[in-house]
Amino acid sequence: MKNLATSLTLAAALAIGTAMQANAEPLETMDEVGAALTACWTQPPGSGNSTVTLSFSFKRDGTLIGPPQPTEIKVEGDEAARQQFIDAAISAVENCTPLDFAPAIADGIGGTVFTMPFGPIPAAPTAVPG
C-alpha cells in the first residue's frame with residue numbers, strides 16, 4: 001500500500017481541514033491526512049517565502065515513528081530565523097499527532113515515509129518510493 005499518497009490542492013486542504021476540526025471522524029484518505037497536518041501549521045511571522053520539507057512516518061495508531069526530519073530547507077534570514085522556521089514545522093506535525101486513521105489507511109500507512117513541504121502554500125504528504 002505504498003501508493004497511498006495523493007496530491008492535494010491548498011483549497012481542498014483548507015476546506016477539509018476546517019471540516020475535520022468540526023467533525024473528529026477517523027481520517028480515510030491521504031488528502032484528509034494532509035489537511036489535518038495543514039490545519040496545524042502556522043508560518044512564523046516575517047518568514048516570507050521560506051519553506052522546509054519534512055520527512056516523517058506514522059505507526060498504524062497514528063503516532064509518529066521518531067521526530068520529523070527536515071530534508072530541504074530554504075529559509076530567509078539568519079540562523080535563528082532558520083531554526084525558528086524548522087522548529088515551527090516540526091511542532092506542527094508533532095502537535096497534530098496522533099492522528100486517528102480509519103482502518104483502511106491504518107492498514108497500509110505503518111512505516112511509509114512521507115514528505116510534506118511547509119511554507120506559504122502547504123501541500124499534502126507524498127509517499128517516497130522505495
Side-chain angles (χ1 to χ4, degrees):
M1 301 213 53
K2 297 282 184 189
N3 62 352
L4 287 172
T6 59
S7 59
L8 176 69
T9 65
L10 177 59
L14 294 175
I16 293 169
T18 301
M20 286 177 48
Q21 289 173 351
N23 185 2
E25 295 293 318
L27 304 173
E28 295 185 4
T29 68
M30 288 310 301
D31 283 353
E32 291 178 0
V33 172
L37 295 173
T38 297
C40 292
W41 167 241
T42 302
Q43 184 170 346
S47 57
N49 289 321
S50 296
T51 61
V52 64
T53 299
L54 298 181
S55 176
F56 50 91
S57 298
F58 295 104
K59 297 178 187 175
R60 291 182 49 148
D61 66 2
T63 59
L64 291 169
I65 299 174
Q69 298 296 312
T71 58
E72 184 176 342
I73 303 166
K74 294 180 182 174
V75 177
E76 299 173 5
D78 61 12
E79 182 59 31
R82 179 182 183 275
Q83 194 59 53
Q84 179 188 21
F85 195 91
I86 294 167
D87 290 347
I90 291 171
S91 291
V93 175
E94 291 178 338
N95 292 338
C96 257
T97 54
L99 296 175
D100 183 17
F101 297 134
I105 292 288
D107 287 345
I109 206 164
T112 300
V113 176
F114 295 95
T115 60
M116 183 169 173
F118 290 83
I121 304 174
T126 57
V128 176

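Just so it is clear, the model here is predicted, and its values are computed rather than measured.
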Acceptor/donor pairs from residues 94-104 side chains to any protein atom, 3.5 angstrom cut, sequence neighbours excluded:
{"from": "N95", "atom 1": "ND2", "to": "S91", "atom 2": "O", "distance (Å)": "3.1"}
{"from": "T97", "atom 1": "OG1", "to": "V93", "atom 2": "O", "distance (Å)": "3.3"}
{"from": "T97", "atom 1": "OG1", "to": "E94", "atom 2": "O", "distance (Å)": "3.0"}

Dump the intermediate steps for side-chain contact (heavy atoms from CB on, under 4.5 Å) on I109 and M30, then the final yes or no. CA-CA 10 Å; I109 206 164; M30 288 310 301; 4.2 Å; yes

Restricting to pairs with a member in residues 49-78, which pass disulfide (SG to SG under 2.5 Å), not counting sequence neighbours? none

The criterion is salt bridge (charged side-chain N to carboxylate O under 4.0 Å, His left out); which residues satisfy it with E72, sequence neighbours excluded? K74

So the ring pair (Phe, Tyr, Trp, His ring centres under 6.0 Å) pairs with at least one residue in residues 60-83 (sequence neighbours excluded) are none

Residues 52-61 vs side chain to side chain donor-acceptor pair (under 3.5 Å), sequence neighbours excluded, gives R60-D107, D61-T63

Find the distance between CZ (F58) and CG (L64) and round it off to the nearest 0.5 Å. 5.5 Å

One should read off an interatomic distance between I65 CD1 and F56 CZ, to the nearest 0.5 angstrom, of 11.5 Å

dist L27:CG -> I105:CD1 (nearest 0.5 Å) comes out at 8.0 Å

Contact summary for A88 and P44, nearest pair of heavy atoms: CB-CG, 3.7 Å

Is a donor on one side and an acceptor on the other found under 3.5 Å between the side chain of Q43 and the backbone of F118? no

Side chains of P120 and T51 in contact at under 4.5 Å (non-hydrogen atoms): yes

Got a sec, which pairs hit ring pair (Phe, Tyr, Trp, His ring centres under 6.0 Å) with one end in residues 65-98, sequence neighbours left out? W41-F85

Just grab all the salt bridge (charged side-chain N to carboxylate O under 4.0 Å, His left out) pairs involving residues 82-93, residues at least two apart or on different chains. E79-R82

Once you round to the nearest 0.5 Å, how far does CG of L54 lie from OG1 of T71? 7.0 Å

